[in-house]
Trainee: 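Take this structure, written in structure tokens, and hold onto it; I'll ask about it next.
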Amino acid sequence: MARWAIAIHGGAGVDPNLPESRQEEAKRVLARCLQAGVDLLRAGASALDVVEAVVRELETDPFFNSGRGSALTRRGTVEMEASIMDGRGRRCGAVSGVSTVKNPVSLARRVMENSPHSYLAFEGAEEFAREQGLETVDNSYFITEDNVGMLKLAKEAGSILFDYRIPLAGTDTCSALAGADNHNGMVMNGLPISIYAPETVGCAAVDSSGFTAAATSTGGLMNKMTGRIGDSPLIGSGTYACGACAVSCTGEGEAIIRSTLARDVAAVMEYKGLPLQEAVDYCVKERLDEGFAGLIAVSSTGEVAYGFNCTGMFRGCATEDGFMEVGIWE
């Protein structure tokens, strides 16, 4: 039997001045969701069932930018996207523009298993969700007070922002931006990294049969144009799984799309013969063009790896031999 392993993430690009209380809250959410995945793997669950279940947990918690707590469009609505991929036969499903489905990752799986297609979007995806009997809610369910404040900040700054929970009480836009000087020279969309956090969520797992799977889910960018689609639902960019490994990415979607980052990890393992961590390092360091991103990965032999080229990534991983870790920084 193969060794099982699991890795999860909650976004790359963390404010270096993130309050300790927020760091601890992030770690608690990650630890809880990671443990849920570990329990399933120990019980013999398939990698596909595990990644769906873990991402559902992350979508349900409003801390990260997926499901409830998703970033808002410039119209103040939520448009979510998700994908899932089974390393067995490289089956995949993806959805975009979802506005009422409580758990977009489960809709992505239904697309993979119960439709003749790999990708559905907007009203077509919503209609299919209703046909499949998936739980739906009003769009207001996904909107949090924090994100309403963040959308206001983004509009005042005249920019598209990655979703980061800046404490807004008593803080106006100018003072928030002025206080964001400690960013080590890193800038996204012309603004300091300290007001960013692309908190997409994802999970990659390999089960005791050696089968891999990956899933990714997000609300996208704060103040994004209606209809914008990022890397998370794009197979080969934000999500990929095959016989060699499973990968979920997070960060600047446009950069991840250009580099087909998730598939590249598998490709250098297959074509260059690199082990998992070396493949991850190579892709993060050499394949990202002018962009900030991170990824998690597992191999079919039970290894775990991660990499990022920005200030931190919310992440956790565990392996069958007892190793378990939750972290944010290097």
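Since we're looking at a predicted model, the values are computed, not measured.
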Trainee: For Arg110, check salt bridge (Lys or Arg N to Asp or Glu O under 4.0 Å) against everything at least two apart and list the hits.
Mentor: none
Trainee: Excluding sequence neighbours, so at least two apart, what forms side chain to side chain contact (heavy atoms under 4.5 Å, CB included) with Leu151?
Mentor: Leu72, Lys155, Met222, Asn223
Trainee: Do the side chains of Ser118 and Ile235 get nearer than 4.5 Å, heavy atoms only?
Mentor: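 Counting from C-beta outward, Ile235 and Ser118 never come under 4.5 Å.
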Trainee: With sequence neighbours left out, write down each residue that passes side chain to side chain contact (heavy atoms under 4.5 Å, CB included) with Ala26, or none if nothing qualifies.
Mentor: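 Counting only residues at least two positions away or on another chain, Ala26 forms a side chain to side chain contact (heavy atoms under 4.5 Å, CB included) with Phe63, Phe64, Phe314.
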Trainee: State which residues pass side chain to side chain contact (heavy atoms under 4.5 Å, CB included) with Ala47; sequence neighbours excluded, sorted by chain then number.
Mentor: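 Counting only residues at least two positions away or on another chain, Ala47 forms a side chain to side chain contact (heavy atoms under 4.5 Å, CB included) with Ala205, Asp207, Ala213.
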Trainee: Under 3.5 Å, side-chain donor or acceptor atoms of residues 322-330 against the rest of the protein: list the pairs with distances, not counting sequence neighbours.
Mentor:
residue: Trp329; atom: NE1; partner: Gln23; partner atom: OE1; Å: 3.2

Trainee: Side-chain contact, heavy-atom cut-off 4.5 Å: Ile84 with Thr239?
Mentor: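 No; the side chains remain at least 4.5 Å from each other.
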Trainee: Between Arg56 and Glu59, does at least one N-O distance fall below 4.0 Å, as a salt bridge requires?
Mentor: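 No.
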Trainee: Tell me, do Val206 and Phe211 make a side-chain contact under 4.5 Å, heavy atoms counted?
Mentor: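 They are not in side-chain contact.
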Trainee: Which pairs count as side-chain hydrogen bond (donor to acceptor under 3.5 Å, both in side chains) when at least one residue sits in residues 287-298, sequence neighbours excluded?
Mentor: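 Matches after skipping sequence neighbours: Asp264-Arg287.
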Trainee: Who are the salt bridge (Lys or Arg N to Asp or Glu O under 4.0 Å) partners of Asp86, not counting sequence neighbours?
Mentor: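 Result, salt bridge (Lys or Arg N to Asp or Glu O under 4.0 Å) vs Asp86: Arg88, Arg91.
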Trainee: Output every pair passing salt bridge (Lys or Arg N to Asp or Glu O under 4.0 Å) with a member in residues 119-128, not counting sequence neighbours, ordered by first then second residue.
Mentor: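 Residue pairs passing salt bridge (Lys or Arg N to Asp or Glu O under 4.0 Å), neighbours aside: Glu123-Arg130.
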Trainee: Check salt bridge (Lys or Arg N to Asp or Glu O under 4.0 Å) between Asp49 and all other residues, then give those that pass, not counting sequence neighbours.
Mentor: Arg109
Trainee: Ignoring hydrogens and angles, tell me if any N or O in the side chain of Asn139 forms a donor-acceptor pair with the backbone of Val78 under 3.5 Å.
Mentor: yes
Trainee: Donor-acceptor pairs under 3.5 angstrom involving side-chain atoms of residues 27-36: please list them, not counting sequence neighbours.
Mentor:
residue: Arg32; atom: NH1; partner: Glu57; partner atom: OE1; Å: 2.9
residue: Arg32; atom: NH2; partner: Asp61; partner atom: OD2; Å: 3.0
residue: Gln35; atom: NE2; partner: Asp39; partner atom: OD1; Å: 2.8

Trainee: Donor-acceptor pair, distance only, cut-off 3.5 Å: does the side chain of Gln277 make one with the backbone of Tyr306?
Mentor: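 Pair found, side chain donor or acceptor close to backbone of Tyr306.
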Trainee: Among pairs that include at least one residue of residues 299-323, which meet salt bridge (Lys or Arg N to Asp or Glu O under 4.0 Å), considering only residues two or more places apart or in two chains?
Mentor: Arg3-Asp321
Trainee: Can you name the salt bridge (Lys or Arg N to Asp or Glu O under 4.0 Å) partners of Glu270, sequence neighbours left out?
Mentor: Arg263
Trainee: Do Met225 and Phe122 belong to the same hydrophobic cluster, where Ile, Leu, Val, Met, Phe, Trp and Tyr are linked whenever their side-chain heavy atoms lie under 4.5 Å apart, directly or via other members?
Mentor: no
Trainee: Please examine the side chains of Met80 and Arg68, heavy atoms only from C-beta on, and report whether any two atoms are closer than 4.5 Å.
Mentor: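 SC-SC contact between Arg68 and Met80 ruled out.
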Trainee: Within a strict 4.5 Å, meaning less than it, do heavy atoms of the Leu276 and Cys245 side chains meet?
Mentor: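 Yes - at least one pair of side-chain heavy atoms lies under 4.5 Å apart.
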Trainee: Do Ser217 and Leu58 come close enough that some side-chain heavy atom pair is under 4.5 Å?
Mentor: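 They are not in side-chain contact.
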